[in-house]
Amino acid sequence: MSTPTATTVKQNNPYQNALQQLDKALSFLDVEPGLADVLKKPQRELTVHFPVAMDNGSTRMFTGYRVHHSLVRGPSKGGIRYHHQVDLDEVRALAMWMTWKCAIVNIPYGGAKGGVVVDPRQLSLRELERMTRRYATEISILIGEEEDIPAPDVNTNPQTMAWIMDTISMHEGHSVLGVVTGKPVDVGGSQGRVEATGRGVMYAAREAAHHMDMPLAGTRVVVQGFGNVGSVAARLMAHYGCKVVGVSDQYGAIYNPRGLDVNGVLDALKTTGKVGGYQDAQPISNTDLLTLPCDILIPAALENQITAENAEQIQARLIVEGANGPTTPEADDILNKRGVFIVPDILANAGGVTVSYFEWVQDIGFFFWSEEEVNDRLRAVMIRSFNDVLKIAQEKSTDLRTAALILAVLRVAKALEIRGIYP
Ligand code: GLU
């Protein structure tokens, strides 16, 4: 891999990308410049350095972050990711995107995000638990049921959330169910939460395909990333008649133009730890996956995957962003010019935080819903939000990302204006 130049590093800085997207949306609006400045800055940023006792008796220092972008519309909300490349600018961008996401689906939350610089595969389960509990303790000055509610993100899962919930509950002396969402159902989690992001991606894809007069039956789908979002999206797209022709994970990608058996890929992943363990497909590189012949592309891995370098070669007519920030602003311009329809992250993957909100409502009400109830409400929110954004895109003759941001900015700026500037 070539060493990135200073310019590519700068271009691919997620926070700079998030600001560039925001500026584009602001150019359509008449937001007072002082208020626009409020939206551009995170409200609070916490960096923590903390020790963890390792299994071999040594002590290792870790660095983590929790950023609150906005608390204007309610408590802040957003996941925690464990990744060796996490940095403050990435967490800032992800926190800002959470503010917009919550506003688009109109749930009463602001945006936050957290991260720890770690490759969790290099820790034992006990080390991971101790690291999680210590990180939760360090950020406990910011998180809380009514203040800021974390959830899973890249490399974190329901078990991680259970440890955080337990840690905060031990500090408080009683169970605080609503301090995190995405918990196991046995400890206050919601039915349907694990699947919610992927399910929401499927609803978004269905609405977009319908808008484009693209029938789902036989439609070729490529999914980048086979984690909690990508694997569920792939399975559900196949369930609705699509032909999933390519998928990938961090180790590599597989392609079969006749279609993959998604359940077979899931089985191979379980037994071999990689999608590449699936036999009835051709192994290809992760780079080639994105430019495969297909109709719908679902990037569901990390940021900056669709860039100025590969945007011209993308063959999909519809991109539905399961990941946060997978497309750079330069790639966006290229794809928009080419007429590729993009359902942006802050709309397409908002199903996760929507069901997180349902989980939190259930936790604070101590009253739990059936899976069917959760999925029905999720579907209604996704369809309504897609159409709200589409209407703005048509009115303003702009792309869906800018339209989604316009809707979000309008809602957040309005809340800010009504509340006023303190004191
Ligand atoms: N990490 C997810 C996201 O990026 C979910 C956040 C949440 O449920 O709070 O949307």
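Numbering of ligands and ligand atoms starts at 1, following listing order.
- In this structure, P150 does not count as a contact residue of ligand 1, since none of its heavy atoms falls inside 4.0 Å of the ligand.
- With rounding to the nearest 0.5 angstrom, the OH atom of Y357 is 12.5 Å from the NZ atom of K77.
- I296 CD1 to L318 CG: the interatomic distance, rounded to the nearest 0.5 Å, is 5.0 Å.
- When non-hydrogen atoms are compared, ligand 1 lies under 4.0 Å from the side chain of N324 (C-beta onward) but not from its backbone.
- Neither the backbone nor the side chain of A350 has any atom closer than 4.0 Å to an atom of ligand 1 (non-hydrogen atoms only).
- Residue contacts with ligand 1: A151 is placed with no nitrogen or oxygen under 3.5 Å of a nitrogen or oxygen of the ligand (distance criterion only).
- Residue contact check: G78 has heavy atoms under 4.0 Å from atoms 9 (O) of ligand 1.
- A donor-acceptor pair shorter than 3.5 Å can be found between the side chains of S356 and T181.
- Protein heavy atom closest to atom 3 (C) of ligand 1, with residue, atom name and distance, is K101 NZ, 3.3 Å.
- In terms of protein heavy-atom proximity, atom 5 (C) of ligand 1 is closest to R193 NH2, 3.6 Å.
- When each of S70, S76, P75 is paired with Y109, the side-chain contact (heavy atoms from CB on, under 4.5 Å) condition holds for P75 and for no other.
- Counting heavy atoms closer than 4.0 Å to ligand 1, residue K113 contributes side-chain atoms (C-beta onward) but none from N, CA, C or O.
- Expressed to the nearest 0.5 Å, how far CG of N324 lies from CG of L94 amounts to 5.5 Å.
- The main-chain N or O of P51 is never found under 3.5 Å from a side-chain atom of R60 such that the two would form a donor-acceptor pair.
- Nearest to atom 6 (C) of ligand 1 by heavy-atom distance, out of M98, R81, K77, is M98.
- N336 contributes no side-chain N or O that, together with a main-chain N or O of T398, makes up a donor-acceptor pair within less than 3.5 Å.
- Counting atoms of ligand 1 from 1 in the listed order, those under 4.0 Å from a heavy atom of S356 are 7 (C), 8 (O), 9 (O).
- For the atom pair CG (D295) and CD (Q315), the distance works out to 10.0 Å, reported to the nearest 0.5 Å.
- In terms of polar-atom proximity, defined here as any N/O pair under 3.5 Å, T181 makes no such contact with ligand 1.
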